[in-house]
Amino acid sequence: MNEKYMEALAQYDLTVDNVRKGRSGWICGTSQGTMLLQEYRGTMKRLEFETQVLGQVSQSGLLQVDDYIRTKGGELISLSEDGTRHTLKHWYTGRECSIRDHREVRQAVGKIAILHQLLKKIPRQEEWNLGSIEVETATQEMERHSQELKRARNFMKSKRRKTDFERCALSSFPAFFAQAQEAAEGMARLNRDSEDFTLALCHGDLDQHHIIIEEKNVAVIEYHKLHLGDQMTDLYHFIRKVMEKHDWNQALGLELLSAYDRVAPLTGRDRESLYYLFLYPEKYWKQINFYMNANKVWIPARNLEKLKGLEEQTEQRNRFLSAIKEAGARRAER
């Protein structure tokens with residue numbers, strides 16, 4: 001084992017039984033359970049912010065998270081002789097959530113709802129004045145992406161000899177861009193009209209890779225993008241990944257929204273926010289963005305297949321969008 005990691009582990013009040021290299025650090029079997037030792041390159045203010053939030057979530061006893069362990073001297077950072085900084089946190093050795101498994105994704109959504117409820121109870125602190133927790137809003141992101149789509153469209157149209165990818169992208173552009181505009185305008189209007197809406201802490205990077213299934217527990221891990229925002233963006237990102245794998249299965253999508261609603265009831269504003277988030281053609285933007293940042297002389301065949309796949313899923317996706325809107329309307333009538 002690398003000597004500097006030995007130096008770091010010696011600073012904690014625990015017995016280390018075994019150590020193995022993991023994807024992002026050293027996975028340690030200890031007298032206090034499985035831990036992950038990592039190099040830390042962030043700021044202390046950011047680390048203290050994450051520690052404070054995760055500590056409160058962990059203390060609730062309702063959700064497993066990868067909260068940080070302090071050294072014998074009460075520090076969040078352990079230093080090796082060469083000055084390398086490390087953190088140690090609780091870790092989970094289960095497997096990532098399978099987004100192909102209906103039961104697991106329903107279970108995961110229930111845990112996301114618990115996480116959101118716990119995060120909402122944590123009052124904002126004055127010392128949280130960090131750039132990393134004040135991120136771009138969904139409206140700002142949509143408007144930025146839409147401008148990028150227009151620039152890409154103009155670039156492709158100006159080319160005399162177009163590739164198959166460019167022809168496909170241009171033919172589908174009007175329909176996808178119309179959705180982009182409707183989503184951005186709707187989200188902007190929703191934010192203007194929601195006078196009582198307040199930002200809450202969000203995970204910021206929720207997908208199947210950050211939900212770990214163990215024999216008896218489900219853990220939600222890696223809060224490096226924890227920030228203040230609209231919690232529906234967390235829910236949207238997770239469910240969108242699932243829906244893309246299931247060809248926008250309407251019944252499954254509504255099941256997942258119901259699973260969240262049973263734990264953390266969705267307001268009318270939440271449902272409307274979700275509708276506009278799902279309406280924005282994010283996957284189409286991703287393919288166009290990849291094209292604009294890649295070698296435009298040769299576009300991998302897989303990217304053309306993905307673009308065509310988006311067109312093939314349009315009908316199912318639109319049905320799901322209609323179902324979200326109808327469910328919201330029915331709820332508003334009650």
Between T87 and I77, is there a side-chain heavy-atom distance shorter than 4.5 Å?
yes
For the atom pair OH (Y275) and NZ (K325), what is the distance rounded to the nearest 0.5 Å?
3.5 Å
Residues at least two apart in sequence or cross-chain that pass side chain to side chain donor-acceptor pair (under 3.5 Å) with E134, listed by chain then number, are R124
Using salt bridge (Lys or Arg N to Asp or Glu O under 4.0 Å) as the criterion, list what pairs up with D66, not counting sequence neighbours.
K89
Is any side-chain heavy atom of Y223 less than 4.5 Å from a side-chain heavy atom of V53?
no
Got W91 and M35 here, is their nearest side-chain heavy-atom distance under 4.5 Å?
no
State, to 0.1 Å, how close L257 and L266 come at their nearest heavy-atom pair, and which atoms those are.
O-CD1, 3.9 Å
Student check: side-chain heavy atoms of N217 and Y92 closer than 4.5 Å
no
Can you tell me which residue pairs pass the salt bridge (charged side-chain N to carboxylate O under 4.0 Å, His left out) test with a partner in residues 226-235, sequence neighbours excluded?
D230-R269
Among all residues two or more places apart in sequence or in another chain, which pass the side chain to side chain contact (heavy atoms under 4.5 Å, CB included) test with K245?
I99, R100
Mind checking whether E312 and D247 have side chains closer than 4.5 Å, heavy atoms only?
no
Going by salt bridge (charged side-chain N to carboxylate O under 4.0 Å, His left out), name the pairs with one or both residues in residues 167-176, residues two or more places apart or in two chains.
D164-R167
Qualifying salt bridge (charged side-chain N to carboxylate O under 4.0 Å, His left out) pairs, either residue in residues 44-53, two or more places apart:
R46-E50
D67 and T51, any side-chain heavy atoms less than 4.5 Å apart
no
I'd like to check I221 versus V65 (side-chain heavy atoms, cut-off strictly below 4.5 Å). Are they in contact?
no
Can you see which heavy atom on Y12 is nearest to which on S78, and at what distance?
OH-OG, 3.2 Å
Would you list the pairs meeting salt bridge (charged side-chain N to carboxylate O under 4.0 Å, His left out) in which at least one residue belongs to residues 313-324, sequence neighbours left out?
E315-R319
Listed partners of H86 passing ring pair (Phe, Tyr, Trp, His ring centres under 6.0 Å), at least two apart:
Y5
Is the closest side-chain heavy-atom distance between D205 and H237 below 4.5 Å?
no
Quick check on K121: does its NZ atom have over 12 non-hydrogen neighbours (other residues, nucleotides or ligands) under 6.0 Å away?
no
For L190 and S194 the tightest heavy-atom approach is O-OG, 2.6 Å
Quick one: which residue pairs count as a ring-ring contact (aromatic ring centres under 6.0 Å, His included) with a foot in residues 43-84, not counting sequence neighbours?
F49-W128
Could you tell me which residues satisfy ring pair (Phe, Tyr, Trp, His ring centres under 6.0 Å) with F278, sequence neighbours excluded, listed by chain and number?
Y236, F320
Contacts of type ring pair (Phe, Tyr, Trp, His ring centres under 6.0 Å), residue F238, not counting sequence neighbours:
none
Given E104, E214, E215, the one that forms salt bridge (charged side-chain N to carboxylate O under 4.0 Å, His left out) with R95:
E104
Does this structure show an ion pair linking R106 with E255, if we count only N-O contacts that are shorter than 4.0 Å?
yes
Residue set satisfying ring pair (Phe, Tyr, Trp, His ring centres under 6.0 Å) with H246, at least two apart, ordered chain then number -> H102
